[in-house]
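Below, chain A is the first sequence line, B the second, and so on; all start at residue 1.
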Amino acid sequence: MFDFLIAGVQAPAFLLIFTGFTVGIVGGFIGVGGGYMVTPALIVFGFPGYMASGIDMTHIAGKGIVSTVRHRQLGNIDWVLALSMVAGTMFGVEEGIRLLGFFKHLGLSTIALLSASVVLMCTLFVYTLSETLKSHRRLEQMAREGRAMVREVTSSSLPRTFQGFPLAPIVRCRVARVVVSMWVIVLVGVVTGVLAGFLGVGGGFIRVPALVYIVGASTHIAVGTDLVEIVFSGGYGCLRHSIEGNVDFIAVMFMLCGAMFGAQFGSIATAFVRGPAIRYILAFSLALATLGAALPLVNVLAGGGLRILTALSVIVTLGQMFFLCLFILSLVYFAYRARRNRWVPEWVMPLLVHDVVAAL
Amino acid sequence: MRKLAENMWFFVLVLLVVSMGLSTAVFLLYMRSHTF
């Protein structure tokens, strides 16, 4: 047990290191901050809610920098895309917070927040999973026919529609290999920012699908570029929470000890898989996050008498952290086996990049 | 290992059950010393 004097809490330090490590793996792999997993975990460890939120945001800023550096080395960041989105995202976050304030004024903030979370995440889950299943089947077909397989395959026709939007200035994102109107990128930034500000999250799980299905970037580029956004939003959140006195920096340091390694592992793991593998993890994350938000929503709608649902929601959220981490570790293990010509399941083969050096 | 991983959805289900078990164990350990 470690005595966290600022938070006034006693908690095992290894649990914080472990949480930092697991969420670091997931964050580096699918390009999210992981706030929706860390905050409930910290509350379970005994930290008060406001402190959990502050520690979470500060650790996300630090972890985001580590992941960004790794993804930059892997060539997964399109700086034109990232910097074009930053202003829109910041503006959107501010508007989202105001929108939440409006609902708070009406006394409907909890219901509005949980309903929006459930509807949005469920929609994203259904679309991402169905599209990823189609892409997976296409990859399997390419493997059967012995065709050369690329790192990214998508079956969505949405990017072509948005890339055809003819409003100047048109931006050429060389790394993402996308030519698109600047207004589409800014709009994506504003909309995802509003949703992130309204829901009180970093917004990675909204921005990554938006970058893939609207802008038309590959999943790897979307992950790397989104992490740049997270450094900005996490840094701003860290500053705000620090001013409010919501951050126990010793707890943050423990979490970062784990996250430093986890984030690098997760970022490097993306080099072993093709785009649909990352989107599968994202889809499962969205499914469990939907369940995690739906349970307290039912409790609120039932008048707050079903406290067991809130407890179940915490269990689902913690379980999500373990599940995603185990799935990513399994994919890396299968990639390791495949490179040594050992048996791997048939469904995994098309999702793996066999020649990592060539893929980079 | 082979039996577990042959079918993607079965593999996902196994991972999910293991994860939720771990998560429940952590939560119950917490409940021993706190009230939720």
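At a threshold of 4.5 Å between non-hydrogen side-chain atoms, the residues Met20(B) and Phe322(A) do not count as touching. Side-chain contact between Tyr280(A) and Val12(B) is absent, with no heavy-atom pair separated by less than 4.5 Å. Glu6(B) has its side chain out of reach of Glu346(A): every pair of non-hydrogen atoms, C-beta onward, lies at least 4.5 Å apart.
Atoms CG and CG, on Leu15(B) and Leu326(A) in that order, are 5.5 Å from each other to the nearest 0.5 Å. With values rounded to the nearest 0.5 angstrom, Phe327(A) atom CZ is found 10.5 Å from Leu16(B) atom CG.
Atom CZ of Phe2(A) has more than 12 heavy atoms from other residues, nucleotides or ligands within 6.0 Å. In the displayed structure, Tyr127(A) atom OH is contacted under 6.0 Å by more than 12 heavy atoms of other residues, nucleotides or ligands. Taking a 6.0 Å sphere around CD1 of Ile308(A), one finds it holds 12 or fewer heavy atoms contributed by other residues, nucleotides or ligands.
The minimum heavy-atom distance linking Gly319(A) with Ser19(B) is given by the pair O-CB, 3.4 Å.
Relative orientation of the Phe11(B) and Phe334(A) rings is tilted, given thresholds of 30° and 60° on the angle between their planes.
Interface remark: Leu15(A) contributes no atoms to any contact with chain B (heavy atom separation under 4.5 Å).
A donor-acceptor contact shorter than 3.5 Å is absent between the side chain of Ser23(B) and the backbone of Leu318(A). The main-chain N or O of Trp9(B) is never found under 3.5 Å from a side-chain atom of Trp347(A) such that the two would form a donor-acceptor pair.
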